[in-house]
Amino acid sequence: MDFGSTRAMSGTLIDELRRRGLLAQVSDEAALNDHLASGSRTLYCGFDPTADSLHIGNLVPLLTLRRFQLFGHRPILLLGGATGLIGDPSGRPDERSLNHSEVVAGWLERIRSQVSHLLDFAGDNAAVVVNNLDWTADLDVISFLRDIGKYFSVNAMMQRDSVRSRLERDEEGISYTEFSYVLLQSMDYVELAERYDCSLQIGGSDQWGNIVSGMDLVRRTLSREAFALTLPLVTKADGNKFGKSAAGAVWLDPAKTSPYSFYQFWLNTADSDVVHFLNIFTFLTHEQIAELAAALGNAPAERAAQKSLAAEVTALVHGGAALASAQRITTALFAGKLDALTEADFEQLRLDGMACTGLTAADAGLLAALAECGLATSRSAARKLVADGGVRINGTLQTDPERQLDFTDALFGRFYIVRRGKKNWHLLVPDQG
RNA sequence: GGAGGGGUUCCCGAGUGGUCAAAGGGAUCAGACUGUAAAUCUGACGGCUUAGCCUACGAAGGUUCAAAUCCUUCCCCCUCCA
């Protein structure tokens with residue numbers, strides 16, 4: 001893995017994080033600065049498997065772990081095989097429904113594979129991946145209550161925001177299960193402190209309470225130094241929630257969000273957010289980001305900053321080959337030269353992961369085809385789209401809702417490239433089956 | 001247990017017998033302007049074999065030529081009192 005160009009950074013790691021807008025809270029900044037400056041330290045961040053994939057919001061702490069690694073520290077990526085079975089009440093207005101343990105275990109493995117290549121597993125400060133189920137699965141209740149529970153005051157736990165907000169809502173409440181979550185997470189910190197000499201836990205700002213509880217438990221049970229640091233919630237200038245595209249959440253799993261869609265998500269970043277995101281989601285230097293910010297001011301139409309952001313993040317998450325594919329599709333679709341594409345280019349688009357549907361004779365009607373390939377939610381919606389002038393095939397505006405797609409006018413006799421609106425594309429080919 | 005208020009289309013929320021697929025706002029989609037940006041403006045926004053038809057206003061029945069609107073029973077939620 002090439003960490004080369006990002007090495008030369010001035011100031012402390014904390015300064016660097018602050019400069020990038022990546023610092024929400026720190027437990028004792030001066031002491032942590034000294035701690036980090038005086039040796040290679042071990043830190044961790046936990047991720048609970050609450051879905052079959054992580055999403056781009058999880059990228060912030062993931063990449064921050066890597067930033068610590070670049071500064072010579074050892075990151076531990078903790079997967080919540082146990083805590084994922086319980087449910088974290090932090091930041092949740094309502095009780096979670098419990099997932100089956102086999103389901104959670106399956107999600108954990110998928111997350112493990114998508115997360116692992118973001119860190120460096122070689123060298124002196126090689127990253128480590130652990131699963132907290134390893135030290136909780138065989139834990140007995142009595143030991144838990146005596147060894148861990150004794151350190152937690154219910155009076156204090158009741159004061160926690162995540163608990164109090166639930167108690168104040170008559171219709172919600174909080175189960176004993178979720179109430180106990182913080183004990184498990186705190187136990188993780190102690191466990192990692194003992195096993196790996198871990199002395200720092202990071203996480204999203206909603207994790208501050210959990211992290212501080214763990215830090216206290218380490219100090220009290222092990223009498224060791226322990227620190228807490230949180231990262232801010234990613235916000236957008238227009239106030240909308242970050243991380244949602246038209247299709248919903250943006251996932252790290254390429255099967256759920258294709259590398260092309262992923263690339264497009266970043267490419268569409270608003271001007272007012274792009275510099276902020278470059279700082280948070282890329283490893284570009286401040287000089288490089290300053291250049292891009294200047295370019296944004298001088299030639300906004302070029303969108304150099306957005307292109308860099310999209311390229312950097314896509315390469316980080318999906319790799320160089322996937323980035324190249326995403327860029328090929330983008331160029332083909334948005335350079336406005338569909339006619340210039342060769343037959344081989346179309347095959348490449350399919351290989352690159354462009355959305356493609358095989359069309360059967362039954363779906364040959366334009367409306368049926370639009371509904372079938374997902375560009376419209378129903379035939380009625382498709383009819384309205386056509387009436388609104390929102391559908392093009394091979395660049396030609398479609399006005400007849402009754403038209404049949406028989407491929408006689410398809411490119412190379414078998415490709416219809418359908419466009420809905422400005423940015424939604426789909427390839428239609430004759431059904432092979 | 002007692003008294004009162006309420007459940008409306010993705011969300012909020014108006015509507016108290018026909019002019020209601022149902023105001024208004026949000027979200028979403030399309031069009032215009034642009035830079036695959038933001039803002040703004042315009043249109044659409046239950047489904048279908050689309051000048052029409054079907055299904056919808058917590059559930060089930062009923063009254064009526066006609067019900068989201070009236071009646072009955074049931075389910076759920078909120079507020080106050082005990």
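Proteins get letters first, then strands, A, B, ... in listed order; numbering begins at 1 in each.
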Original post:
Using the C1' atom in both, what is the distance from B:G17 to B:U64, to the nearest Å?
Top reply: 9 Å
**OP:** Any strand is fair game: report the nucleotide pairing with B:A59 by Watson-Crick or G-U wobble, both distances under 3.5 Å, or none.
**Re:** B:U73
Subject >> Rounded distance (Å) that lies between atom P of B:G35 and atom CG of A:N268 >> reply: 15 Å
**OP:** For B:U42 and B:A59, measure between their P atoms and round to the nearest Å.
**Re:** 36 Å
Subject >> Rounded P spacing from B:U69 to B:U9 in Å >> reply: 14 Å
Original post:
In whole angstrom, what separates A:D271's CG from B:G35's C1'?
Top reply: 8 Å
Original post:
Quick one: does A:Q264 reach the base of B:U36 with a side-chain donor-acceptor pair under 3.5 Å?
Top reply: yes
**OP:** Would you mind classifying the nucleic acid contact of A:E302 as base, sugar-phosphate or nothing, using non-hydrogen atoms under 4.0 angstrom?
**Re:** nothing
Original post:
Which whole-number value in Å describes the distance from A:R420 CZ to B:C45 C1'?
Top reply: 13 Å
Original post:
When the P atoms of B:A68 and B:G7 are considered, how many whole Å apart are they?
Top reply: 16 Å
Subject >> Euclidean distance for C1', B:G24 against B:G15 (whole angstrom) >> reply: 11 Å
Original post:
Any sub-3.5 Å donor-acceptor pair from A:N99's side-chain atoms to A:V104's backbone N or O?
Top reply: no
Original post:
In whole Å, what is the span from the NE2 atom of A:H426 to the P atom of B:C29?
Top reply: 18 Å
Original post:
Mind checking the P distance from B:U55 to B:G61? Whole angstroms is fine.
Top reply: 14 Å
Original post:
Mind checking what makes side chain to side chain donor-acceptor pair (under 3.5 Å) contact with A:Q398, not counting sequence neighbours?
Top reply: A:R403
**OP:** With a 3.5 angstrom cut-off on both distances, give the Watson-Crick or G-U wobble partner of B:U42, or none if there isn't one.
**Re:** B:A30
Original post:
When the C1' atoms of B:C70 and B:C65 are considered, how many whole Å apart are they?
Top reply: 16 Å
**OP:** Give me the ring orientation class for A:F179 and A:Y176: parallel if the planes are under 30° apart, tilted from 30 to 60°, perpendicular past 60°.
**Re:** tilted
Subject >> Whole-Å distance separating the CZ atom of A:F265 from the C1' atom of B:U36 >> reply: 14 Å
**OP:** Provide, to the nearest angstrom, the distance between the CG atom belonging to A:D238 and the C1' atom belonging to B:A27.
**Re:** 13 Å
Subject >> Earlier contact from the 5' end, RNA chain B, for A:Q306 and A:L367 >> reply: A:Q306
**OP:** Please check if the side chain of A:D352 supplies one atom and the backbone of A:I329 the other of a donor-acceptor pair under 3.5 Å.
**Re:** no
Subject >> Complementary nucleotide of B:G17, counting Watson-Crick and G-U pairs under 3.5 Å >> reply: none
Subject >> Backbone N/O of A:W266 and side chain of A:T269: donor-acceptor pair under 3.5 Å >> reply: yes
Subject >> RNA chain B contacts made by residues 377-389 of chain A, counting heavy atoms under 4.0 Å >> reply: A:S378, A:R379, A:S380, A:R383, A:K384, A:L385, A:D388, A:G389
Subject >> Nearest-angstrom distance, C1' atom, B:G13 to B:C57 >> reply: 13 Å
Subject >> Ring-ring centroid check A:F281 A:F242, cutoff 6.0 Å >> reply: yes
Original post:
In whole angstroms, how far is the P atom of B:U36 from the CG atom of A:L309?
Top reply: 17 Å
Original post:
What is the distance, rounded to the nearest whole Å, between atom CG of A:L375 and atom C1' of B:C29?
Top reply: 12 Å
**OP:** Mind listing the closest non-hydrogen atom pair of A:L397 and A:G389 along with its distance?
**Re:** CD1-O, 3.5 Å
Subject >> Selected nucleotide, minimal atom distance to A:K423 side chain, candidates B:A30, B:A37, B:U34 >> reply: B:A37
Subject >> B:U36 OP1/OP2 closer than 4.0 Å to side-chain N/O of A:N424 >> reply: no
**OP:** Taking the side chain as every heavy atom from C-beta outward, state whether A:L70 and A:F283 have any pair of such atoms under 4.5 Å apart.
**Re:** yes
Subject >> Closest heavy-atom pair and its distance - A:T83, A:Q185 >> reply: CG2-N, 4.3 Å
